[in-house]
Amino acid sequence: MELVFGIPGTHNVSIYAELAARGVRLVTPRHEQGAGYAADGYARATGRPGVVLTTTGPGVINAATALAQAYSDSIPMLLISPGVPTDHPRLGRGYLHESKDQSGALRALCAWSHRVSSVREIPAAVARAFGFFAEGRPRPVHIEIPHDLLAAEGSVTFAEPYRIVAREPDPAALDAAALLLRGAARPGIVLGGGVQCPPGQEAGALALRLAERVGARIVTTVNGKGVVPESHPLALGTVLHLAGARSWLAGCDVVLAVGTELGPADLWVEDFALGGRLIRVDVDPGQMHGDHVADVPVVADAGRALAGLLDRIRPPDAARAPGPDLARELAELSRRWEGTLDALGRAMPPDPIVVGDNSMMVYHGALLSLALDPPARFLFPAGYGTLGYALPAAIGAKLACPGRPVVVLTGDGALQFCLQELATAVAEQLSLPIVVSDNGGYGEIRDEMLRQDMTPVAVDLPGPDLLQLAAAYGVAACRADTPEELFKALVEALEHPLPTLIVVRES
């Protein structure tokens with residue numbers, strides 16, 4: 001544990017003192033939700049668990065949304081918090097930050113929540129958490145330490161996290177999968193966030209080699225964006241939510257889905273059905289019988305399964321598979337941000353970490369039209385779909401990878417969920433370009449109301465002046481009214497040693 005995100009409080013100061021004495025870097029976001037998102041960004045950028053430390057009650061619940069987002073997107077995160085004392089009566093007594101059942105509340109949102117009952121139990125609980133992160137599908141966990149135990153002394157035995165080797169695929173399952181792929185006339189491959197997990201980019205490279213051998217086109221989910229070069233002829237990009245891409249996928253006679261739920265949040269529809277045979281590769285056995293039941297289930301680490309398939313499918317390369325014509329849909333969705341995305345693409349260095357929010361410029365624009373090739377990464381709160389994620393998650397990613405450029409893409413509505421984290425970025429002296437698409441409020445909901453012949457209500461956010469707010473935090477800020485102004489501003493921001501806010505007026 002090298003870095004912890006959190007806010008000191010009355011009940012956790014003793015933990016802070018011990019962490020500081022042991023050289024752990026303590027980063028103080030301005031809100032516990034920001035701490036959770038920063039830990040999420042740290043985890044996605046490194047593959048290592050992000051750690052959050054809060055106080056009891058409101059501190060824990062403030063971080064709960066970030067915890068639920070991490071659960072949805074399979075992100076390893078450890079939330080440590082104090083709890084009410086061990087002798088606290090179940091019916092309550094008005095204790096400071098008292099919650100009816102703090103651990104139970106988080107148990108409903110994350111993989112598990114463990115309230116320890118003794119000092120000697122603490123090392124085992126922490127070891128269990130870090131062992132759990134390596135078991136298979138990573139998800140967040142919570143450890144609650146009763147407040148009175150933080151002042152207690154006792155003899156403990158330090159426990160090492162148990163070691164888990166990568167899950168090996170069943171050879172018979174690989175044989176069956178290879179047989180289907182070799183005989184496919186219209187194969188397709190879907191890559192999800194499970195391909196981003198370590199060994200990560202190696203798994204993406206294996207998937208691309210496999211696609212070349214069987215003549216398959218590749219489509220990625222949001223969490224899989226960038227695992228294969230989006231400039232490659234076989235890569236369709238992050239387009240699963242386009243009707244044309246779904247129609248193509250439904251028409252494939254064999255689909256290989258790796259590390260993805262193929263859920264409604266990926267497809268943007270509830271009733272999607274595949275027309276061909278489905279091979280699923282996932283470390284989570286539960287995925288084999290989800291919305292799309294696997295004809296050939298391969299429960300395994302993505303990299304090892306893909307390597308096994310390559311061993312069974314030899315060259316020569318197959319002819320290139322035909323793909324869907326998505327040009328019209330892409331143009332219709334991305335036209336509003338065409339100049340913005342072109343400027344972003346030209347200004348991006350070759351290895352950026354791009355962190356997006358649930359803003360229109362991102363899911364209707366950058367996901368589709370901002371092409372990224374490895375080692376670039378794209379971080380996005382896909383499944384749970386929170387707002388306010390991008391800025392604090394980018395702070396976590398930049399702290400994790402200080403030598404890599406990190407760029408934030410957000411909207412004016414989303415930014416105001418976490419605007420206070422500008423102070424954190426300044427305090428940590430992070431070079432962080434923050435591109436804000438300003439449409440005066442919640443543009444997607446406004447458009448949805450108009451599509452339903454409603455008069456837009458409660459979606460307009462007049463003000464504030466984002467440039468003046470940024471200046472108040474000590475952040476460099478400018479408005480970019482043309483693509484060339486944005487290109488220039490982003491290039492300068494990437495060289496600036498502190499955060500830069502760039503406001504783009506949405507047409």
Side-chain angles (χ1 to χ4, degrees), residues 40 43-50 67 69-78 110-112 128-141 161-178 180-181 189-208 210 218-228 255-263 265-266 278-312 377 379 382-384:
D40 179 300
R44 295 192 200 217
T46 63
R48 300 192 299 272
L67 206 70
Q69 179 64 63
Y71 183 88
S72 178
D73 284 351
S74 303
I75 306 302
M77 184 190 302
L78 172 61
C110 61
W112 48 263
R128 176 195 174 198
F130 282 90
F132 169 79
F133 295 138
E135 280 183 2
R137 187 177 189 178
R139 277 179 154 160
V141 301
Y162 48 84
R163 303 297 178 186
I164 301 290
V165 297
R167 193 187 290 259
E168 292 285 352
D170 174 16
L174 289 181
D175 290 341
L180 278 182
L181 287 168
I189 296 176
V190 183
L191 303 179
V195 184
Q196 294 277 22
C197 298
Q201 309 222 340
E202 293 88 338
L206 293 172
L208 187 58
L210 182 63
I218 296 176
V219 64
T220 60
T221 69
V222 172
N223 283 333
K225 183 176 175 66
V227 297
V228 295
V255 171
L256 170 64
V258 186
T260 174
E261 292 175 320
L262 277 180
D266 298 314
L278 175 62
I279 304 163
R280 299 201 77 145
V281 174
D282 208 291
V283 294
D284 182 1
Q287 291 304 307
M288 302 302 158
H289 305 289
D291 284 355
H292 308 279
V293 177
D295 294 291
V296 178
V298 183
V299 180
D301 168 80
R304 292 174 185 259
L306 290 166
L309 287 172
L310 278 169
D311 286 341
R312 289 163 171 79
R377 290 291 307 275
L379 315 186
Y384 206 53

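These figures come from a predicted structure and were not determined experimentally.
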Closest approach of [X] to [Y] (non-hydrogen atoms, all atoms of both residues):
X: Ala305; Y: Pro169; value: CA-CG, 4.0 Å
X: Ala111; Y: Val141; value: CB-CG1, 4.1 Å
X: Ala173; Y: Val296; value: O-CG1, 3.5 Å
X: Ala207; Y: Ile189; value: O-CD1, 4.2 Å
X: Pro76; Y: Ala43; value: O-CB, 3.5 Å
X: Val195; Y: Gly204; value: CG1-N, 3.6 Å

Is the shortest side-chain heavy-atom distance between [X] and [Y] below 4.5 Å?
X: Leu309; Y: Leu256; answer: yes
X: Asp73; Y: Arg44; answer: yes
X: Pro49; Y: Leu78; answer: no
X: Asn223; Y: Ile75; answer: no
X: Val298; Y: Leu174; answer: yes
X: Val190; Y: Thr221; answer: yes
X: Leu191; Y: Thr260; answer: no
X: Ser74; Y: Glu261; answer: no

Test Asp291 against Leu262 for side chain to side chain contact (heavy atoms under 4.5 Å, CB included), laying out the working first.
CA-CA 8 Å; Asp291 284 355; Leu262 277 180; over 6 Å; no

Nearest-0.5 Å distance that lies between atom [atom1] in [X] and atom [atom2] in [Y]:
X: Arg377; Y: Thr46; atom1: CZ; atom2: OG1; value: 9.0 Å
X: Trp112; Y: Arg139; atom1: CH2; atom2: CZ; value: 14.5 Å
X: Asp175; Y: Arg312; atom1: CG; atom2: CZ; value: 4.5 Å

Residues 280-289 vs side chain to side chain donor-acceptor pair (under 3.5 Å), sequence neighbours excluded, gives Arg137-Asp284

Using side chain to side chain contact (heavy atoms under 4.5 Å, CB included), reason through Val281 and Leu306 one step at a time and then give a plain yes or no.
CA-CA 9 Å; Val281 174; Leu306 290 166; 5.8 Å; no

Short question: side chain of Asp301, backbone of Arg167 - any donor-acceptor pair under 3.5 Å?
no

